[in-house]
Amino acid sequence: MTRETRFGALAADARWQQAWEAANSFATTDSGDKPKAYILEMFPYPSGRIHMGHVRNYAMGDVLARFKRMTGHDVLHPMGWDAFGMPAENAAMEKGVHPGGWTRDNIASMRGQLKRLGLAIDWSRELATCEPDYYGQEQALFLDLFAHGLVTRKHSYVNWDPVDMTVLANEQVIDGRGWRSGALVEKKKLSQWFLKITDFAEELLEGLESLDKWPDKVRLMQENWIGKSQGLEFSFRLAGGAVGFDVFTTRPDTLYGASFAAISPDHPLAEKLAKDSPELAAFIELCRRQGTAAEQLDTAEKMGFDTGISVEHPLDANWHLPVWVVNYVLMDYGTGAIFGCPAHDQRDLDFAHKYELPVHRVIADGDETAQHFTGTEAWTGPGKLVNSHFLDGMTIDEAKAAVIARAEHEGWGKGTTVWRLRDWGVSRQRYWGTPIPFIHCPACGMVPVPRAQLPVVLPEDADFSVPGNPLDRHPTWKHVACPSCGGEAVRETDTLDTFVDSSWYFLRFASAPSDKPFDPEVIRRWLPVDQYIGGIEHAILHLLYARFWTRALNKLGMIDIREPFASLFTQGMVTHETYSRAQGEGQPPLFFTPDEIARTADGATLEADGAPVDVGRVIKMSKSKKNVVDPDAILDQYGADAARWFMLSDSPPERDLPWSEAGIEGAWRFVQRLWRLFGDTGNVGDGGEDKALARKLHQAIAGVAADIESLGFNKAVAKIHALANEIEKATPSATRAEACRTLILLVAPMMPHLAEEAWAALPDGQRTTAMIADAAWPAADPALLVDDEVTIAIQMAGKLRDTMTIAKGLDKDSTEAAALARPRIVELLAGATPKKVIVVPDRLVNIVP
RNA sequence: GCGGACGUGGCGAAAUCGGUAGACGCAGCAGACUUAAAAUCUGCCGGCCCAGUGUCAUGCGGGUUCAAGUCCCGCCGUCCGCACCA
């Protein structure tokens, strides 16, 4: 092959992508004689076009996958589509296209875009969650979980959008309104399907400790989300002795500080009392209408309604506490009822002040022995018990234990654990999702669809012209015979939350038989995922659900592992500055896309009129701010390798990456620079060796490998730059030619097309494999990893005064002597004897005069 | 309000164990080559001054240490998560 002076990226991209496909280069080998590496990036939602965030995500995973192949691993690196979800259905409503057609078209175009990146993916394992061969197996797993009691139906309050006629997830409610329709969201009690994730609360929490290769941030977020609280649950009796209600508290030590009891507006007792009290009914209605948005909570006034009834204090039956219905008590945490202790809880204090309820101090504030409470700030710090009879003088922890012990002994309460985590409601009143495989029979009740009848396939002919669930109003689909009695029955028309689809796809990638969800033997070989890479936005929901499914399937005996992802990496976003012009009073600014803009040294102008625009902050690329750069346009102009290289350069991968035109051009220039350097593999000069360059080369081999292994791609990039600089400066030698050849291998994981092109252009006999895709990572010679000389610092009183180059490993005494003999040091000491000399071999000498 | 992360040149950053702060890149400046441009190459590139291996400098103020970007205490700022969670 004759060598071009410029690297033709577009032709090379296409050529090598075809070559890899023809050779089936990235098919996963199940041979099992090499160590396995399962590298997975979170699979994309097929929105239609890939964005720069995808490019960054898949570039990182691809470097790791290619590197693992080069270092002798069997690599599983698959790709698929999280293909169910509301956007497809919205498109159907807005544009009259079928969700299936819309989704499959999007998949086809995004697959094409991803392939242009040159990813080392085993495309034979591609899957889409919207296809029956996937969701049918998901239905089978759902029935397995049901058979083991992990699926329930229960009534619960949901966010109901009255316009779209569907349940909304909490995240889809923005300031009390449906995110799509803008309608005021109602609380509605509906019968819903739930997965019993709370059964696993304790082990999901404990399991976090074993995930030492997960970011601390994610583990902490999950820990807070699971929200374990330990305390006392006890029963209040109504004054007079009738059965009252249960409350939960984490502060049983403050029981003698109680001044009222409070129940949630949604508490059954409140609802019962409201039947006879229109005032209370109106109050409850008022509370339900109040928003729960974050800003409103800050300012929301504490409100209460005195029911007129009272309860007996559990430690003193003659002490009666009034029962209030209170807007700040939540029905879905604890028991939906509390006892109020104003002195030691800020909310209770605010409430007590407003309604002039008593405030009893029971924890002394520090050294203070004040028996009474004043002020507007509740004391929640440590202290000794006061005003508390048998508890007086105890610490908070001692008092907690004493009260719990007494409650258990006397039988009115017990120590318990309460979780913030709720069971996972998976019912969605949508068409474009996995049908829940159940049949409602008037005679037999809820009947699972028999295995032989799976998959329950979505009907193609659905009507999207009106809001609501198309499955529910489909003329025929839901009408079936009961599998149990044969009588007339109807299918469940709810579909599964799409987070279910993404809770087990990593298993299906490893093993996808047609007759079952997966083969346990094959799962044993590949799982857990060795490196999972994706966005921080999935820190809680997806990652928690996937952990739950893995543990649930483990409990069912279907898989051995308890945790799906051994190592997790959360990458930063791709950002770009914004360009805008103010529009006038009360108008939002007008934004411009980067390709409408000419960037100048100190500002930017609109190309259309040459006038300046405002350059805004560097923020996440988003359509509304128009600060997006289309990957296709970049690939057309610079090719895949420059795009990949830029994505890996400069910013640490966990941090945001500011996209810039100058940056991608810099990457492009470096691609060309490497191409020129790769042409020097035959230029051996006089054939001699260059020991210094050999050291730098081998240090780079080891350093780049370590950086890729630890996902420090920006550092690997810097080391490759530094090595390229050294090679360029060196005079031709056998070592230099060898370094040029080795450099091809070092950049191969990051710039695979350039590497293949350069590999193919090598003189005959210099290639170890036909394609570099099959080549091995070069071995670093340990002898060359250390320098034989080091330049060390000489400090006086901690300030740098001189440096000297000495033999590496020189002993302390000789180092000290050499330092003290330096003319500059002699001059500075001026004959004085140093008080102290600290020598750190190979590092520095610090002289204390 | 609670929890967490992060603050280093004009910009993205590096400094892996408490040991020469600013590697590497971007932008910029000066120069070479060229009829010119592109491309390429060379040099400079934190502040200050008396221009020195001078001095100050890693958000601010303290502390520990022979030595602090790194450890400790207290502030300030930015970002993220959760949020009336009993």
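This structure is a prediction, so every number in the text was calculated from the model and none was measured. So you know, we letter chains A, B, ... as the sequences are listed, proteins then strands, and number each from 1.
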Phosphate OP1/OP2 of [N]: any [X] side-chain N/O under 4.0 Å:
{"X": "A:Arg655", "N": "B:rC6", "result": "no"}
{"X": "A:Arg420", "N": "B:rG81", "result": "no"}
{"X": "A:Arg801", "N": "B:rA67", "result": "no"}
{"X": "A:Lys715", "N": "B:rA15", "result": "yes"}
{"X": "A:Thr250", "N": "B:rC85", "result": "no"}
{"X": "A:Arg843", "N": "B:rG18", "result": "no"}
{"X": "A:Asn714", "N": "B:rA14", "result": "yes"}
{"X": "A:Asn725", "N": "B:rG25", "result": "yes"}
{"X": "A:Lys217", "N": "B:rA5", "result": "no"}

I want to verify a distance call: between [options], whose nearest atom is closest to the [X] side chain?
{"X": "A:Trp225", "options": "B:rG19, B:rC84, B:rC82", "value": "B:rC82"}
{"X": "A:Arg676", "options": "B:rC41, B:rG25, B:rA27", "value": "B:rC41"}
{"X": "A:Arg669", "options": "B:rG25, B:rU40, B:rG19", "value": "B:rU40"}
{"X": "A:Lys836", "options": "B:rC84, B:rC66, B:rU53", "value": "B:rC66"}
{"X": "A:Arg6", "options": "B:rG12, B:rA39, B:rC84", "value": "B:rA39"}
{"X": "A:Gln795", "options": "B:rU40, B:rU20, B:rC85", "value": "B:rU20"}
{"X": "A:Asn327", "options": "B:rG25, B:rG12, B:rC84", "value": "B:rC84"}

### Query
Is there a donor N/O on one and an acceptor N/O on the other, under 3.5 Å, for the side chain of A:Lys719 and the base of B:rC24?
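By the distance-only test, no, there is no pair.
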
Base-pairing mate for [N] - Watson-Crick or G-U, with both contacts under 3.5 Å:
{"N": "B:rG69", "answer": "none"}
{"N": "B:rG1", "answer": "B:rC82"}
{"N": "B:rC6", "answer": "B:rG77"}
{"N": "B:rC29", "answer": "B:rG43"}

Would you kindly give the [atom1]-to-[atom2] distance between [X] and [N], to the nearest whole Å?
{"X": "A:Lys729", "N": "B:rG43", "atom1": "NZ", "atom2": "C1'", "result": "13 Å"}
{"X": "A:Arg822", "N": "B:rU20", "atom1": "CZ", "atom2": "P", "result": "17 Å"}
{"X": "A:Glu537", "N": "B:rC79", "atom1": "CD", "atom2": "C1'", "result": "16 Å"}
{"X": "A:Phe646", "N": "B:rA27", "atom1": "CZ", "atom2": "P", "result": "11 Å"}
{"X": "A:Leu828", "N": "B:rG54", "atom1": "CG", "atom2": "C1'", "result": "12 Å"}
{"X": "A:Asp802", "N": "B:rU53", "atom1": "CG", "atom2": "P", "result": "11 Å"}
{"X": "A:Arg824", "N": "B:rG52", "atom1": "CZ", "atom2": "P", "result": "12 Å"}
{"X": "A:Arg219", "N": "B:rA5", "atom1": "CZ", "atom2": "C1'", "result": "15 Å"}

What is the nucleic acid contact for [X], judged by heavy atoms within less than 4.0 Å: base, sugar-phosphate only, or nothing?
{"X": "A:Asp345", "value": "nothing"}
{"X": "A:Val329", "value": "base"}
{"X": "A:Arg347", "value": "base"}
{"X": "A:Thr803", "value": "base"}
{"X": "A:Leu330", "value": "base"}
{"X": "A:Val848", "value": "sugar-phosphate"}
{"X": "A:Lys799", "value": "sugar-phosphate"}

### Query
Going through the checks in order, is the side-chain hydrogen bond (donor to acceptor under 3.5 Å, both in side chains) test met by A:Asp246 and A:Ser235?
CA-CA 4 Å; A:Asp246 292 346; A:Ser235 303; 2.7 Å; yes

Separation of the [atom1] atoms in [N] and [M], to the nearest angstrom:
{"N": "B:rC24", "M": "B:rC41", "atom1": "P", "result": "15 Å"}
{"N": "B:rU40", "M": "B:rA51", "atom1": "C1'", "result": "35 Å"}
{"N": "B:rG74", "M": "B:rU20", "atom1": "P", "result": "29 Å"}
{"N": "B:rG12", "M": "B:rC79", "atom1": "P", "result": "15 Å"}
{"N": "B:rC56", "M": "B:rG9", "atom1": "C1'", "result": "14 Å"}
{"N": "B:rA39", "M": "B:rA57", "atom1": "P", "result": "41 Å"}
{"N": "B:rG47", "M": "B:rG22", "atom1": "P", "result": "14 Å"}
{"N": "B:rC45", "M": "B:rC82", "atom1": "P", "result": "47 Å"}

### Query
Does B:rG61 fall in syn (glycosidic angle within 90° of 0) or anti?
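Nucleotide B:rG61 adopts anti.
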
### Message
Syn or anti for B:rC17, given that syn means the glycosidic angle lies within 90° of 0?
### Response
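B:rC17: syn glycosidic orientation.
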
[Y] and [X] aromatic ring geometry - parallel, tilted or perpendicular at 30°/60° bounds:
{"X": "A:Trp324", "Y": "A:Tyr355", "answer": "tilted"}
{"X": "A:Phe248", "Y": "A:Tyr333", "answer": "perpendicular"}
{"X": "A:Tyr256", "Y": "A:His313", "answer": "parallel"}
{"X": "A:His267", "Y": "A:Phe245", "answer": "perpendicular"}

### Query
Taking the nucleotide of RNA chain B with the closest heavy atom to each, which residue, A:Gly663 or A:Arg422, is nearer the 5' end?
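First, find each residue's nearest nucleotide; the 5'-ward one identifies A:Gly663.
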
### Query
In terms of the nearest nucleotide of RNA chain B, which residue is placed more toward the 5' end: A:Thr791 or A:Asp707?
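Taking each residue's closest nucleotide, the earlier one in sequence belongs to A:Asp707.
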
### Query
With a cut-off of under 6.0 Å to the ring centre and 45° to the axis, is A:Lys302 in cation-pi contact with A:Tyr328?
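Yes - A:Lys302 lies over the ring of A:Tyr328, closer than 6.0 Å to its centre and within 45° of its axis.
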
### Task
Establish, for the pair A:Arg420 and A:Trp225, whether the NZ or CZ atom is under 6.0 angstrom from the six-membered ring centre and no further than 45 degrees off its axis.
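Yes, a cation-pi geometry holds between A:Arg420 and A:Trp225.
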
### Message
Quick one, A:Ile794 with A:Thr803, criterion side-chain contact (heavy atoms from CB on, under 4.5 Å). Give me CA distance, side-chain angles, the key distance, then yes/no.
### Response
CA-CA 5 Å; A:Ile794 304 172; A:Thr803 60; over 6 Å; no

### Message
Would you say that more than 12 heavy atoms from the other residues, nucleotides or ligands in this model lie under 6.0 Å from the NZ of A:Lys620, or not?
### Response
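At most 12 heavy atoms, drawn from other residues, nucleotides or ligands, come within 6.0 Å of this atom.
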
### Query
Is the count of non-hydrogen atoms from other residues, nucleotides or ligands lying under 6.0 Å from A:Lys213 atom NZ greater than 12?
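No, not enclosed.
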
